[in-house]
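Keep in mind that the numbers below use all heavy atoms, side chains included, and drop hydrogens, waters and symmetry copies.
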Amino acid sequence: SLQGLLSLPGMQGVFGGGSQPGMQSPMTPRLRRALRNLGSGPSGAPLQQALVAATRRLGNALNEIGKGMGASGDAEASWRQGALEFSAVGDGANEALLRCNIAQLLRQRGEAGRTASAGGLGVREREAYAAAIGMCEAGLGCVGNRRMAPQVWALVHAEFARTAQGFAADLQTDMCSRRGQAGFREDGQLVVDLLLRAIALLASIGDT
């Protein structure tokens with residue numbers, strides 16, 4: 001199963017989006033506390049609005065900075081920080097977009113590692129795919145339902161489906177050289193689970 005990924009070597013800690021290492025910031029609790037304090041009285045409303053606007057501007061800046069860094073760890077770090085900023089002000093749509101950016105980057109790492117590896121789908125490639133799936137799950141949680149942000153909702157679903165299909169295809173190719181070996185049955189079930197999830201995601205996009 002998809003959750004069975006957690007039991008594979010090197011997979012621990014790759015699910016859960018915001019609970020992953022690197023997704024914590026000392027500024028986030030302080031920002032949330034300031035927003036709560038400013039919102040407790042009418043005199044604080046203008047300052048609260050200014051703080052929210054400045055935080056969103058910071059999130060947008062971090063997004064653009066990440067885009068300019070290509071497929072690097074610096075891009076991922078920038079997008080993770082931007083996601084935190086949007087989360088702090090309750091901007092689920094923009095947080096989901098940044099998480100989708102991270103998921104795409106992680107998926108590409110899985111694909112690139114698989115392409116460069118002569119020994120099949122290794123632990124690093126599996127970790128990258130699994131982390132991408134975790135980030136997509138987190139993105140879906142940020143955006144809620146289709147009515148909240150239809151375009152973002154569809155974008156996250158599409159990236160999730162693409163990641164699941166890519167992971168399944170690479171696993172299936174890898175399995176061809178491992179018939180009868182340890183882990184073959186488990187990987188086969190994971191392929192089925194991934195493809196069923198991809199089908200459900202794509203069907204939900206078309207189900208208006």
Side-chain angles (χ1 to χ4, degrees), residues 1-20 22 66-67 69-73 75-76 79-80 83 96-143 146 151-208:
S1 68
L2 292 180
Q3 291 302 321
L5 283 169
L6 288 171
S7 64
L8 296 174
M11 291 299 188
Q12 289 76 12
V14 297
F15 280 96
S19 63
Q20 296 180 34
K67 288 178 181 178
M69 290 179 173
S72 69
E76 181 183 351
W79 284 332
R80 284 178 178 271
L97 280 174
L98 288 184
R99 290 186 180 277
C100 194
N101 287 348
I102 298 168
Q104 183 180 32
L105 183 62
L106 292 167
R107 171 177 56 77
Q108 290 170 348
R109 286 179 189 166
E111 294 170 347
R114 170 254 302 166
T115 302
S117 175
L121 198 65
V123 171
R124 287 187 178 181
E125 292 80 41
R126 289 172 182 249
E127 285 180 336
Y129 273 123
I133 288 173
M135 197 58 67
C136 288
E137 291 276 16
L140 290 182
C142 294
V143 79
R146 186 195 298 263
Q151 292 182 330
V152 176
W153 182 91
L155 184 67
V156 177
H157 274 68
E159 178 57 38
F160 199 160
R162 184 175 182 181
T163 298
Q165 289 182 92
F167 193 5
D170 286 346
L171 275 173
Q172 193 169 0
T173 299
D174 186 56
M175 288 172 62
C176 291
S177 63
R178 296 190 297 104
R179 288 188 176 93
Q181 296 182 21
F184 182 87
R185 184 185 298 273
E186 291 78 7
D187 279 356
Q189 185 58 56
L190 181 55
V191 168
V192 172
D193 291 343
L194 287 164
L195 290 175
L196 286 173
R197 187 64 185 274
I199 290 168
L201 289 160
L202 293 171
S204 67
I205 297 174
D207 183 14
T208 57

task = Run through L195, L196, L190 and flag the one making a side-chain contact (heavy atoms from CB on, under 4.5 Å) with V192.
result = L196
task = Side-chain contact test, heavy atoms from C-beta onward, threshold under 4.5 Å: evaluate it for L171 versus L194 and give yes or no.
result = yes
ask   = Do R126 side-chain atoms and F167 backbone N/O form a donor-acceptor pair below 3.5 Å?
value = no
ask   = Between atom CG of L105 and atom CE of M69, what is the distance when rounded to the nearest 0.5 Å?
value = 12.0 Å
remark   = For A83 and L98, the nearest pair of non-hydrogen atoms, with its separation, is N-CD1, 3.3 Å
ask   = So do L106 and E76 actually touch side chain to side chain, heavy atoms under 4.5 Å?
value = yes
key: Closest contact, heavy atoms only, V191 versus Q172   = CG2-N, 4.1 Å
query = Do the side chains of R109 and Y129 get nearer than 4.5 Å, heavy atoms only?
reply = no
inquiry  = Would you compute the distance between atom CZ of F160 and atom OG of S204 and round it to the nearest 0.5 angstrom?
reply    = 10.5 Å
ask   = Does any non-hydrogen side-chain atom of H157 lie less than 4.5 Å from one of R162?
value = no
ask   = Taking side chain as C-beta onward, heavy atoms only, is W79 less than 4.5 Å from R99?
value = no
inquiry  = Could you measure the distance from the SG atom of C142 to the CD atom of E137? Nearest 0.5 Å is fine.
reply    = 11.5 Å
message = Is the shortest side-chain heavy-atom distance between I205 and L201 below 4.5 Å?
response = no
remark   = side chain to side chain donor-acceptor pair (under 3.5 Å) filter on E159, not counting sequence neighbours, yields R107, T163
Residue pair A75 / G66: nearest heavy atoms and the distance that separates them = CB-O, 3.4 Å
ask   = Is any side-chain heavy atom of E186 closer than 4.5 Å to a side-chain heavy atom of Q189?
value = no
remark   = Tightest non-hydrogen contact, residues C136 and A103, listed as SG-CB, 3.6 Å
key: D170 vs E125 side-chain heavy atoms within contact, under 4.5 Å   = no
